[in-house]
Amino acid sequence: MSLPHESEEGRACRVCGGPVHEFFDFGRQPLSDAFRDPRDTSPEYFFRLAVGICESCTMAQLVEEVDRDRMFHDAYPYHSSGSVYMRRHFEETAHRFLTDALTGPDPFVVEIGSNDGVMLKTVGKAGVRHLGVEPCRGVAELARSQGVRVRTDFFEASVAAEIVAAEGPADLIYAANTICHIPYIGSIFRGVDALLAEDGVFVFEDPYLGDIIDRNTFDQIYDEHFFFFTVRSVGAAAARFGFQLVDVERLGVHGGELRYTIARAGRREPSPAVAELAATEQRLSDRATLAGFAAGVDRIRDDVLELLHRLRAKGKRVVGYGATAKSATLLNYCGIGPDLVSVVFDATPAKSGRLMPGSHIPVRPPEEMADADPDYAVLFAWNHAEEIMTKERAFRDSGGRWILYVPDVHIV
Ligand code: SAM
Ligand code: TMP
Ligand code: ZN
């Protein structure tokens with residue numbers, strides 16, 4: 001069988017070098033976190049956002065790669081602590097580590113992508129030796145102000161070698177919503193190999209391809225999300241680098257994630273959950289499933305546009321809520337601009353007062369929502385629905401309605 005993306009324009013799998021079958025093309029997209037200063041007239045950067053799956057190892061991945069320095073720079077606007085629920089999630093995660101992986105004498109934990117220190121501050125308060133590795137100076141400074149030790153760098157094999165030389169091996173290497181951002185995964189595994197103690201574990205959590213497909217959450221696909229993991233693809237990647245996937249756990253955060261626990265091959269007995277979940281994943285690489293996903297994306301695009309045009313024709317005021325990275329994919333794929341969604345409210349200081357990437361919809365602080373008196377608000381931060389709807393109860397009480405677009409377009 002000939003593979004359409006084996007040709008010059010196709011790219012080899014970033015894990016195994018196999019052929020990548022492209023299954024959706026979102027066209028030209030801006031960087032999802034490149035919020036613009038309204039006075040900035042410089043040309044905006046665009047790239048082709050397309051996603052494919054490796055015919056050999058089943059790893060889903062972007063077809064084009066954006067240079068890491070364009071995305072992860074000193075003014076990176078995403079702050080992990082912006083959600084009460086996520087703060088609680090990371091506090092619970094830290095407490096769990098403190099009672100299992102970090103109980104030996106003088107334990108040491110390294111977090112890749114520690115952002116504003118949302119997880120490590122609990123570890124630091126417990127007096128446990130730790131180091132965050134975070135390339136973006138702005139969020140790294142926020143972490144330091146919470147008493148967290150941070151190295152301002154991209155984690156990769158050379159950095160891991162320096163850390164182990166200076167501080168010794170790590171009992172735990174942890175990463176949340178970060179490993180899926182890193183195309184150079186071979187360098188990550190080589191770094192983990194250098195840094196991890198013989199009996200240590202590498203634990204990471206990222207959006208699950210199974211949930212993305214089952215819930216039509218196509219907006220999880222954007223520049224920063226390079227890989228879309230499954231038990232099978234992570235297990236295969238780990239094995240290539242001398243590791244073994246020994247546990248998986250489903251997480252409810254960010255619309256459905258998996259937490260993977262990886263150990264050196266042969267050191268731990270894998271839990272039954274690994275084989276159980278892997279056995280359900282055959283469908284995730286079927287051409288029919290991927291074609292169905294593609295059809296679902298276009299159905300959502302058509303339904304969103306139909307609804308927004310109808311509301312505009314009726315003179316309704318429609319705003320957005322949550323200037324998420326995810327929303328860049330929806331807005332730019334659908335061609336939605338300020339004529340359909342006049343403003344997006346978001347509590348992140350680094351986003352407020354700026355324009356959304358590509359669509360140029362203004363971002364304003366949520367305190368201004370009541371004055372705008374909207375009829376409808378598109379909930380771009382659908383993964384924080386409960387928290388935001390509770391916080392903005394007054395909007396609904398005064399007759400406002402939320403528009404959600406996954407798994408299908410509906411109003412609540
Ligand atoms: N762990 C936090 C969380 O779950 O909320 C932050 C997630 S944020 C979406 C991704 C983080 O990964 C960013 O802070 C980014 O700077 C960082 N990052 C990207 N590439 C990295 C690398 N090679 N090493 C360490 N951090 C990296
Ligand atoms: P995320 O989906 O990538 O976590 O991004 C969520 C965005 O929504 C982030 O820009 C912060 C914003 N947000 C609010 O403005 N208010 C809130 O209550 C929450 C939870 C998030
Ligand atoms: Zn592959």
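Numbers for residues simply follow the sequence, beginning at 1. Ligands are counted one by one from 1 in listed order, and the atoms in each one are counted from 1 as well. Values below: every heavy atom of this structure, side chains too, minus hydrogens, waters and symmetry copies.
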Under 4.0 Å from any heavy atom of S83, which atoms of ligand 2 are there? 20 (C)
Taking 4.0 angstrom as the limit and counting only heavy atoms of H254, give me the atoms of ligand 2 inside it, by number and element. 4 (O)
Using a 4.0 Å heavy-atom threshold (strictly under), name the region of H79 that reaches ligand 2: side chain, backbone, both or neither. neither
Using 30° and 60° as the class boundaries, would you call the ring planes of F189 and F243 parallel, tilted or perpendicular? tilted
Could you tell me if the side chain of L258 sits less than 4.5 Å from the side chain of F229, heavy atoms only? no
Heavy atoms of S80 and D116 approach each other most closely as N-OD2, 3.4 Å
Decide yes or no for R401 and F395: does some side-chain heavy atom of the first lie under 4.5 Å from some side-chain heavy atom of the second? no
Distance under 4.0 Å to a non-hydrogen atom of K391: what atoms of ligand 2 satisfy this? 16 (N), 17 (C), 18 (O)
The one among I388, D33, D346 that brings a heavy atom closest to atom 8 (O) of ligand 2: D346
Give the atom numbers and elements of ligand 2 that come within less than 4.0 Å of a heavy atom of T324. 2 (O), 5 (O), 6 (C), 7 (C)
Honestly, for Y78 the part within reach of ligand 2 (heavy atoms, under 4.0 Å) is side chain
Counting each atom of ligand 2 from 1 as listed, which ones have a heavy atom of A347 under 4.0 Å away? 14 (C), 15 (O)
From R250, Q220, H254, residue fulfilling side chain to side chain donor-acceptor pair (under 3.5 Å) relative to D211: R250
Using a 4.0 angstrom limit on heavy atoms, which residues are close to ligand 1? F72, Y76, Y78, S80, F90, E111, I112, G113, N115, V133, E134, P135, C136, F154, F155, A176, N177, T178, H181, I182, Y184
I need the atoms of ligand 2 closer than 4.0 Å to a non-hydrogen atom of K351, numbered in the order shown. 9 (C), 10 (O)
Is the closest side-chain donor-acceptor distance between E224 and Y76 under 3.5 Å? yes
Under 4.0 Å from one or more heavy atoms of N383, ligand 2 contributes atoms 1 (P), 2 (O), 4 (O)
Listed as residue and atom, the protein N/O/S atoms under 2.8 Å from the Zn ion (ligand 3) are C13 SG, C16 SG, C54 SG, C57 SG
Would one find an N or O of Y321, backbone or side chain, under 3.5 Å from an N or O of ligand 2? no
Does the pair S83 and R88 meet the rule for a side-chain hydrogen bond (donor to acceptor under 3.5 Å, both in side chains), with working shown? CA-CA 9 Å; S83 151; R88 198 177 305 147; over 6 Å; no
For the residue pair F293 and F218, establish whether any side-chain heavy-atom pair is separated by less than 4.5 Å. yes
For atom 2 (O) of ligand 2, what's the nearest protein heavy atom and its distance? K326 NZ, 2.6 Å
Check: L379 and I388 side chains under 4.5 Å, non-hydrogen atoms: yes
Can you tell me which portion of M86 lies within the under-4.0 Å heavy-atom range of ligand 2? Options are side chain, backbone, both, or neither. neither
If we ignore angles and hydrogens, is there a donor and acceptor under 3.5 Å between the side chains of Y260 and D247? no
Taking the side chain as C-beta and beyond, is there a heavy-atom pair between F108 and P169 under 4.5 Å? no
State, with a plain yes or no, whether a side-chain heavy atom of R70 is found less than 4.5 Å away from one of D223. no
Quick one: sort the F26 and F24 rings into parallel, tilted or perpendicular, breaks at 30° and 60°. tilted
T348 versus Y78: any side-chain heavy-atom pair under 4.5 Å? no
Using a 4.5 Å cut-off on heavy atoms from C-beta on, say whether the side chain of H360 contacts that of R36. yes
Tell me if the centroids of the rings in W402 and Y321 come within less than 6.0 Å of each other. yes
Looking only at non-hydrogen atoms, which of H384, E387, E392 approaches atom 6 (C) of ligand 2 most closely? H384
Numbered atoms and elements of ligand 2 in range of T348, under 4.0 angstrom, heavy atoms: 9 (C), 10 (O), 11 (C)
Ring pair (Phe, Tyr, Trp, His ring centres under 6.0 Å), paired with Y174, selected from F97, F204, F202: F97
